[in-house]
Amino acid sequence: MKLTVNGVQREVDVEGDTPLLWVLREELGLTGTKFGCGIAVCGACTVHIDGVAQRSCALPVSLLQASQKITTIEGLAENADHPVQQAWAELDVPQCGYCQSGMMMAAASLLSQNPSPSEAQIRSHITNICRCGTYPRVLKGVQIASEHLANKGAAPQNEKA
Ligand code: FES
Ligand code: FES
């Protein structure tokens, strides 16, 4: 299969029912995307498909077209300087960190659609689970990233060109 991942065309030789998560991690070595529940609940495996956050653990790779842009945390920004990543670093959002790439991908997707989300919108959009309970800092992180965006006066570019 041909896939476009982080702006690069890749070819993988896998069964069509292989979840995208395992193609990313095992075939392409993109281990920033994590396995948590495997049933599309926890959000640890969140990536972007054409800019929209999706859980990759329950997404058979055969459902994807070569023309669709898959973005992982490794490809979110050229120098890991997406406003969400900057806000996360400023606030020291993670505890153990395991869930955080999924959190950031969900946050980046939200902000690309809605650069100034309300608290309620953040809470309803980001349904990822964090065993360490970083939810208050995640909420604050999204709000700070939103402020950075407002100061820049532009919606975020979520993917490398
Ligand atoms: S590992 Fe995919 S949602 Fe939990
Ligand atoms: S920071 Fe540990 S699971 Fe979220």
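Keep in mind it's a predicted model, so treat the numbers as computed, not measured. Counting convention: from 1, in listed order, for ligands and their atoms alike.
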So the atoms of ligand 1 within less than 4.0 Å of a heavy atom of G43 turn out to be 3 (S), 4 (Fe)
If we number the atoms of ligand 1 from 1 as shown, the ones under 4.0 Å from a heavy atom of C57 are 1 (S), 2 (Fe), 3 (S)
On a heavy-atom basis, the closest approach of G32 and E74 is N-OE2, 2.8 Å
Here the atoms of ligand 1 under 4.0 Å from any heavy atom belonging to C45 are 1 (S), 2 (Fe), 3 (S)
(request) Verify whether one side chain among E90 and H148 offers a donor that lies under 3.5 Å from an acceptor in the other. (result) yes
Within the 4.0 Å heavy-atom cut-off, what V41 brings close to ligand 1 is backbone
Ligand 1 to G38, heavy atom cutoff 4.0 Å, flagged ligand atoms 1 (S), 4 (Fe)
Is Q9 atom CD crowded by more than 12 heavy atoms from other residues, nucleotides or ligands, each under 6.0 Å away? yes
Per-atom filter on ligand 1: closer than 4.0 angstrom to a heavy atom of A40 are 3 (S)
Less than 4.0 Å from some atom of ligand 2, heavy atoms are found in residues Q95, C96, G97, C99, Q100, C130, R131, C132, T134
Practice problem: Mind running side-chain contact (heavy atoms from CB on, under 4.5 Å) on E27 and V14 for me, showing each step along the way? | Solution: CA-CA 9 Å; E27 302 294 322; V14 294; 3.6 Å; yes
Only residue of N128, I129, V93 satisfying side-chain contact (heavy atoms from CB on, under 4.5 Å) with M103 is N128
Q. Do I49 and L59 have side chains that get closer than 4.5 Å, going by heavy atoms?
A. yes
The reported gap from CE in M1 to OG1 in T18 (rounded to nearest 0.5 angstrom) is 9.5 Å
When rounded to the nearest 0.5 Å, the distance separating CD of Q54 from OG1 of T46 is 9.5 Å
Worksheet item: Is there a side-chain contact between V61 and L3, using heavy atoms and a 4.5 Å cut-off?
Response: yes
A student checking ligand 1 against C37 at a 4.0 Å heavy-atom cut-off should list atoms 1 (S), 3 (S), 4 (Fe)
